[in-house]
Amino acid sequence: MRRRRRFLDLTFWGLALLAFVCIALPSLSIVGSVIHQAVPVLGWSLFTQRTNALGIENAILGSLLLLVGVLVVAGTIGVAGGVYLAEFAPARLQRFLRFFSDVLAGMPSIVVGYIGYVTLVVAFHWGFSLLAAVVALSVLVLPYIVKTTEVSFRQVPTTLREAAAGLGLPRSKTVWRILLPPAASGVISGLIVALAISTGELAPLLFTAGFSDQNPTLQLLHHQVPYLTSVTFTDLALPGARAHATAAAAAAVSLAIVVILIAAGRLMTVRARRATRGMAL
Amino acid sequence: MTELPSIRVGPSRSPASGPQEDKLPSSEPSVSDPAEVEATHGPSVFRVENLFFYYGDHLALRDITLDIRPREITSLIGPSGCGKTTFIRCLNRLNDLIPGTRLEGRVEFDGESLYGPDVRAIELRRRIGMVFQKPNPFPKSIYENVALAPRMNRMKGNLDDVVEESLVRAALWDEVKDKLRASAFSLSGGQQQRLCIARAIAVRPEVILMDEPCSALDPVATFRIEELMEDLKNDYTIVIVTHNMQQAARVSDRTAFFTVDTSQGGRTGVMVEIGATSKIFTAPSDQRTEDYITGRFG
């Protein structure tokens, strides 16, 4: 009996270890090989030269600009939508909205890009532009933000809502002052995931952002925007070791952005949690 | 246990004696004539007439008629599931938060219909404070818990004074005055509940509704809350739901006994009788009340 238990114990640990290796090994090997391949071009010139001079400065700036745009557009609409679903929407409307949110979440990104091209770029005459790209990316990540915001608000105990109602606080102030602080860590995590997805997307941008060897401007319309995933995509298709290295460098910088986003998100959620520590949930 | 010497024990706390004894003769009829009550107590704070309450199709309360008098403690007792909590939440329209609920009948607060078409529940709840079963302070500092509602409601006066006054009133000031910026969760359960009372008082309500305020507290903390209620009674009308019959007997002036009625299918709460606490506990007029208070049921 004792040997059997020991055997089961070891088997379980073995399986857990195997699962860990299955997750860790591919991630580490991807990160390692991307950095390794990028070595020939790594250096300051990568960040100070633009893509016409074998750097990726313009693509980095473009990607960061797109992230800010997504944070503003999808962040605002998504958080507001999630709060509305969790706190205000009547039951029937909730089901309706959730259905469409789920449909949107399942939409292939290439379809989002194509629809963005047909409507925004062509029909609205926006051209390949910052606004078209931000809208396409936002549509793609909106369901994540809505979902995580809604779930975070639903997890806040009803007793807090009742306490606030019992004091005669209006619903809007209750949401803002009472419910948001405990929900904040979840909301932030959702935003971070959305930004991380945006960083890695290519398909919706192919049809909406265009590309440019110039640094991006704040012009919303008719000015094409360079971005990192496009560098990876196009340079890999070019002949020559240097182009391939540049592609890898762009991928490495994308990875770095994602890592920094996740780290920043962790930092913020830890702070948010500390504020509500000890709350009986 | 520094607070123990201050505990008053014995007859002074029993409902059969104490200052309110002569006001409330035990011969009072269990269903009072409103005109007569008004003459001795002033107008009722709440007047509930033929209240029916539904969760969806389920009838939770049937035909409740009672009065809540000013500056008295009215306790609602009865077995689990008899609708005490549902009823007390009708008094500040907190059930509005639950989708699919419906109320029929009339509830008057200060002579005006509580469920009238142009009554704003939010403004109304500022006049009717509530303390809940489990202490539910906001995840904020002690100070902020009390100051939040007065600040948002743009009440006049110095906020620091309001906070101090409310905490003093809730008998918590001495314990927290040096750590007002500490998290409310650093307090013990009993202190948290008194903080919730301070938070309710800070809005300057006319009524305080208490839904089993001591059910999560130990006897010492319970005692402090009861002591506090006696003190608050001078300025506020208090309605308390309690599972603890001794508590009802100790603190309240009037007691309403609710029970579960299954005779018409489903479990529906009904009120059996209401009367002076001393009478309900010594000479109830209904057999069901007697069975309950003598422990033969529930």
Side-chain angles (χ1 to χ4, degrees), chain A residues 83-98 150-189 268-281, chain B residues 85 88-89 91-100 120-141 144-155 182-187 189 192 195-196 199-205 207-211 216:
Chain A
V83 168
Y84 179 73
L85 271 180
E87 301 295 328
F88 296 101
R92 195 168 295 174
L93 192 60
Q94 273 181 32
R95 278 197 294 275
F96 184 76
L97 288 176
R98 225 173 269 138
E150 188 196 349
V151 169
S152 316
F153 270 83
R154 281 196 195 284
Q155 275 171 353
V156 178
T158 317
T159 54
L160 287 187
R161 286 181 193 88
E162 291 181 345
L167 290 169
L169 299 183
R171 295 279 290 280
S172 55
K173 286 184 178 172
T174 304
V175 166
W176 190 243
R177 294 296 198 79
I178 310 291
L179 305 179
L180 181 60
S185 65
V187 173
I188 292 170
S189 307
M268 281 192 276
T269 53
V270 164
R271 285 214 178 147
R273 286 215 186 102
R274 194 170 294 155
T276 58
R277 188 173 46 189
M279 185 168 63
L281 285 172
Chain B
T85 293
I88 202 172
R89 291 164 63 109
L91 298 181
N92 66 346
R93 293 188 55 170
L94 206 59
N95 288 324
D96 290 11
L97 298 186
I98 306 170
R120 289 196 58 206
I122 286 167
E123 273 154 30
L124 190 108
R125 292 194 197 112
R126 287 178 201 159
R127 298 166 62 195
I128 307 171
M130 184 145 196
V131 177
F132 297 83
Q133 197 165 350
K134 258 172 64 184
N136 57 353
F138 297 131
K140 294 178 183 295
S141 71
E144 198 57 23
N145 260 279
V146 183
L148 190 86
R151 188 192 298 129
M152 283 193 191
N153 298 345
R154 296 199 182 79
M155 274 168 60
S183 161
F185 297 124
S186 67
L187 300 174
Q192 287 186 17
L195 179 64
C196 291
R199 179 177 70 183
I201 294 172
V203 192
R204 308 221 166 102
V207 182
I208 304 176
L209 306 176
M210 298 183 164
D211 184 6

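Just so it is clear, the values below take in all heavy atoms, side chains as well, and ignore hydrogens, waters and symmetry mates.
Across A:R161, A:R177, A:R171, the residue that shares the most heavy-atom pairs under 4.5 angstrom with chain B is A:R177. In terms of non-hydrogen atom pairs under 4.5 Å with chain A, the most contact-rich of B:D96, B:L97, B:V131, B:I128 is B:L97.
No part of B:L124 comes within reach of chain A, as not one of its non-hydrogen atoms sits under 4.5 angstrom from that chain. Within the 4.5 angstrom heavy-atom criterion, atoms from both the backbone and the side chain of B:R199 approach chain A. Residue contact with chain B, scored on non-hydrogen atoms closer than 4.5 Å, is absent for A:A91.
Counting only heavy atoms from C-beta outward, the side chains of A:L167 and B:M152 never approach each other to under 4.5 Å.
Checked by atom type and distance alone, the side chain of A:Q94 pairs as donor or acceptor with a backbone atom of A:A89 at under 3.5 Å.
B:N92 and B:R125 are not linked by any side-chain donor-acceptor pair at a separation below 3.5 angstrom, with hydrogens and angles left out of the test.
Between B:R151 and B:E144 there is a salt bridge, with a side-chain nitrogen of the basic residue lying less than 4.0 Å from a carboxylate oxygen of the acidic one.
The environment of CZ in A:F88 is crowded: more than 12 heavy-atom neighbours from other residues, nucleotides or ligands sit within 6.0 Å.
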